[in-house]
Amino acid sequence: MQGRASAARSTLGWRAYLVLALISLAFYLPGQSRLPPVDRDESRYAQATSQMLQTHNFVDVRYQDQPRYLQPVGIYWLQSLSVSVFSNPTAKQIWAYRVPSLISACAAVLLTAWIGAMLFGAEAGFAAALLLAMSMLLNFESHMAKIDATLLATTLTAQGALLRAYLADIAVPRKGRGRWNAALFWAALGVGLLLKGPIILIVSGTTIAAVCAQDRKIAWLKRLHAGWGVFVMLAVALPWFVAIGIKTHGAFFAKAVGQNLMGKLGRGEQAHGSFVGYYLALFPVTFWPGSLVAGFALPWTWRNRLTPQVRFLLAWIVPTWLIYEMIATKLPHYALPYYPAVACLAAGAALSADGWTFGRVGKVFASIWAVIWLAVGVAGAGFGAFLIWRFEHRVDSIAVAAAVVAILLIAATLVFVVRKDLRFAVITGGGAALIIFAGLTAYSLPAVPTLWLSPRITAAVARAAPCPTTVLASSGFSEPSLVFLNGGSPMLVNVKKTADHLVRDPACGLSLVAKRQLPKFMAEMAANHMAATPVGEVSGINYSWGRWLDLTLFRAGPMTGPPVPIPPDPPKSDRGPVNPYAQP
C-alpha cells in the first residue's frame, strides 16, 4: 500500500484531467446528432421526458397514456434539464436527450483516473481512464439517452469515496476530510437510488462485504459515519419515493420492485434471458480494445491478490460479476459498473515491472487471447463497410478506407504489446478504436437508411398529413422511436384498429399497415364502406427483430367501386435493391 510520502504521485494534475476530458469528447461526441434513436428503451425514456416537460408533471412518469413504473425519476429529471437548456420537447432532437449520458461518460472516465491514481499512482490512473474511455460498451452508452452511463458515474463516485475510507493512509489526510468523504459516499448512494433503485447498493454493498470478509475486520467502516450518513442518503432519495408512493397509492413499488426487479431476477424479461457466462463471453467485445491488456493482467492479479489495492478491486469485480451472471435477465450494459475496476487492474499490471510475466500455460492463454482480440478488432473495423454493402448494395470508399487504416493500427498495437511498449500500444489501439466507433456512429450507421424506418415514416407522415392535428395509427410496426419522432401521438394498434381509425377520422387520419396485413385491412375498410388510398410507402429492416417490412401509409376515401384486389407478394429474389429515398 502506498504511504503518505508518495501521496503526490497518487494525484493527477488538472492538465491530465483536461486531456482525459478532451479524449473522452473525441470518442463520444461523433454521431450524437446524426445517429437516429437506436435502442427501444432510449426512445421510451426520451418520450417520457418529453411528456414530463409538456405536462410539468415531474413526479409521475408517463409514456403516452401509460405509467412508466420501471425505474425512479432521476434520469428523466436530468434529461428534462438538458432538453430545457439545449432544445425543446416539440423539436424531437434526440441528441438533447443524450447530453446527460455524454457528460456522465466523460465524468466516469475522470473518476476512473481518480480511483486508479489512488490505487497504483498517477500514471496508472491515467492509463485506466484511457482503457475505460476507449471501451466499446461505454462508447455505445454515451450515445444512448438512458440511465446506464449516468449510473456508472454515480457508482464510481461512491466507490471512490469508499476506497478513500478503506485506504487508511489517505482516508483523513487533513482535519475534516473524512467527514466530507463520507458525505460524498452517502450522497452518491442517494443519487443512485433515484436513478435505478437498489443497483448501486448492490455494487457498494457487495464490495464492502467482500472486503470485510477478506480482511476479517470492519474498523475501517467507521470512517463512513453511517450514523448520520444514512440520513444524507435518505434526504436525497426519500422525498420523491414518498411522493410517488402517495400519488400512485403504492402502484409504483408494486410495478418497479414486485414485477420489474424481481421479474429480472427469476426470468429473462422481454426475451433478454441468457446463459451463465454471458458477460464473460461478451467481454472481449464490450471492453475492446482494453480487453487485450485486461486478459494479460490475470496472472499479475493472482500474484498480487493479497495486496490491499488488488483485494479492493477484486471485491468490487467478483461479487457484482457473479450476481449479474446468475440473474436471469441479461443485457450487455449491466456489466458497466465493474468495468472501471477491471481497467484499474489492467493498468496496474501493465505498468508493473512483472505485470506481463507468463509461465508456459500463461503464454498459450495470452496467444489465444490475442487472436480473439485481433478477430474482434478486424470484425469491428469492417462492420461499417459491411453494413453499407449489405443493406445499401454499394461499396463505400470512405468506410473501406477507414477499415483498412483501423486494421493496420490494430496490427501495430499487437506488435507494440509484444514489445511491451504500453505507451505506443495505447496510442495505436486508441486510434483504431476512435476510427471504428466514430466511423460507425457518425458515418456508417447514418448512411444505412434501410435500418432506420421510424425517421423515414415520420418524413412520409409529414408529407402526407392532411391536417396539422393528424394522428397516425400503425399496425405491423410498433417501435417506440416512431412514437417519439411523431410527437407521442401515434397509436400502435392491431390491424382492425388501424382501419377503425380511418373510419372515425376520415378527414385527418393516417394509417400505416404492413404488407402482410393488407388483405385484412382492406376487408375491414370495405366492411365500413370506405376505401383506403395509399399516400406513401416505406420499406426496410426492423432491426429490433431482424425482419424485412414493406409498409404502406393510407388515407381514407369513399367507396367508389368494388374492392381493389391486393396483388400477391413478388418472390423475394425479384424485389431487387430497395431505394429508401424513393418518393411515394
Side-chain angles (χ1 to χ4, degrees), residues 1 112 115-116 119-121 123-125 127-132 134-138 159 163 203 206-207 210-211 213-214 276-326 332 335-377 410 413-422 425-426 429 433:
M1 186 180 292
T112 299
I115 292 171
L119 288 163
F120 303 117
E123 190 176 2
L130 285 179
L131 292 176
L132 183 69
M134 295 186 297
S135 66
M136 186 280 288
L137 186 56
L138 185 56
Q159 293 294 93
L163 176 62
V203 179
T206 57
T207 302
V211 166
Q214 290 180 98
V276 175
Y278 171 87
Y279 296 105
L280 181 62
L282 284 184
F283 181 77
V285 179
T286 52
F287 199 63
W288 195 95
S291 53
L292 180 67
V293 292
F296 286 0
L298 287 175
W300 178 88
T301 300
W302 177 254
R303 291 195 301 269
N304 291 274
R305 64 190 182 279
L306 298 181
T307 62
Q309 293 91 335
V310 175
R311 281 208 310 270
F312 182 88
L313 291 174
L314 290 176
W316 180 349
I317 296 168
V318 175
T320 306
W321 196 325
L322 290 177
I323 287 171
Y324 284 142
E325 291 286 13
M326 298 305 296
L336 264 181
Y338 56 81
Y339 274 14
V342 173
C344 289
L345 277 178
L351 292 170
S352 177
D354 65 338
W356 288 353
T357 301
F358 305 106
R360 183 177 300 176
V361 175
K363 288 180 180 178
V364 173
F365 165 79
S367 299
I368 295 173
W369 191 252
V371 170
I372 294 172
W373 180 88
L374 178 64
V376 171
I410 290 168
T413 302
L414 274 182
V415 172
F416 289 126
V417 166
V418 170
R419 295 177 179 176
K420 297 185 179 180
D421 191 334
L422 179 64
V426 168

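Position 1 is the first residue of the sequence; numbering continues from there.
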Can you tell if the side chain of L414 reaches within under 4.5 Å of the side chain of L292, non-hydrogen atoms only?
yes

Minimum heavy-atom separation for P289 to G429, with atom names?
CG-O, 4.0 Å

Minimum heavy-atom distance between G290 and L131, given as atom pair plus value:
CA-CD2, 3.9 Å

Quick one: does Y339's side chain get under 4.5 Å of L138's, heavy atoms only?
no

To the nearest 0.5 Å, what is the distance between CG (L336) and OG1 (T320)?
12.5 Å

Checking Y338 now: which residues fulfil ring-ring contact (aromatic ring centres under 6.0 Å, His included) with it, not counting sequence neighbours?
W321

To the nearest 0.5 Å, tell me how far T413 OG1 sits from F416 CZ.
8.0 Å

Working for side-chain contact (heavy atoms from CB on, under 4.5 Å), residues F120 and L351
CA-CA 9 Å; F120 303 117; L351 292 170; over 6 Å; no

Quick one: does T357's side chain get under 4.5 Å of R303's, heavy atoms only?
yes

Please report the closest heavy-atom contact between A124 and A347, naming both atoms and the distance.
O-CB, 3.4 Å

Looking only at heavy atoms, what is the nearest atom pair of V376 and P284, with distance?
CG1-O, 3.9 Å

Please report, to 0.1 Å, the donor-acceptor pairs under 3.5 Å made by any side chain of residues 360-372, with sequence neighbours excluded.
unit_1	atom_1	unit_2	atom_2	d
S367	OG	K363	O	2.9
W369	NE1	S291	O	2.7

Determine whether P299 and W356 make a side-chain contact, defined as any pair of heavy atoms from C-beta on separated by less than 4.5 Å.
no

Can I get a per-line list of side-chain donor-acceptor pairs under 3.5 Å for residues 312-319, giving both atom names and the distance, sequence neighbours left out?
unit_1	atom_1	unit_2	atom_2	d
W316	NE1	P337	O	3.0

I need the minimum non-hydrogen distance between R305 and R311, along with the two atoms involved.
O-CG, 3.0 Å

Near-ring test F296/F358, centroid separation under 6.0 angstrom:
yes

Nearest heavy atoms of L282 and P332, plus distance in Å:
CD1-CG, 3.9 Å

If you apply the rule side-chain contact (heavy atoms from CB on, under 4.5 Å), what do you find for Y279 with T286, and how did you get there?
CA-CA 9 Å; Y279 296 105; T286 52; over 6 Å; no

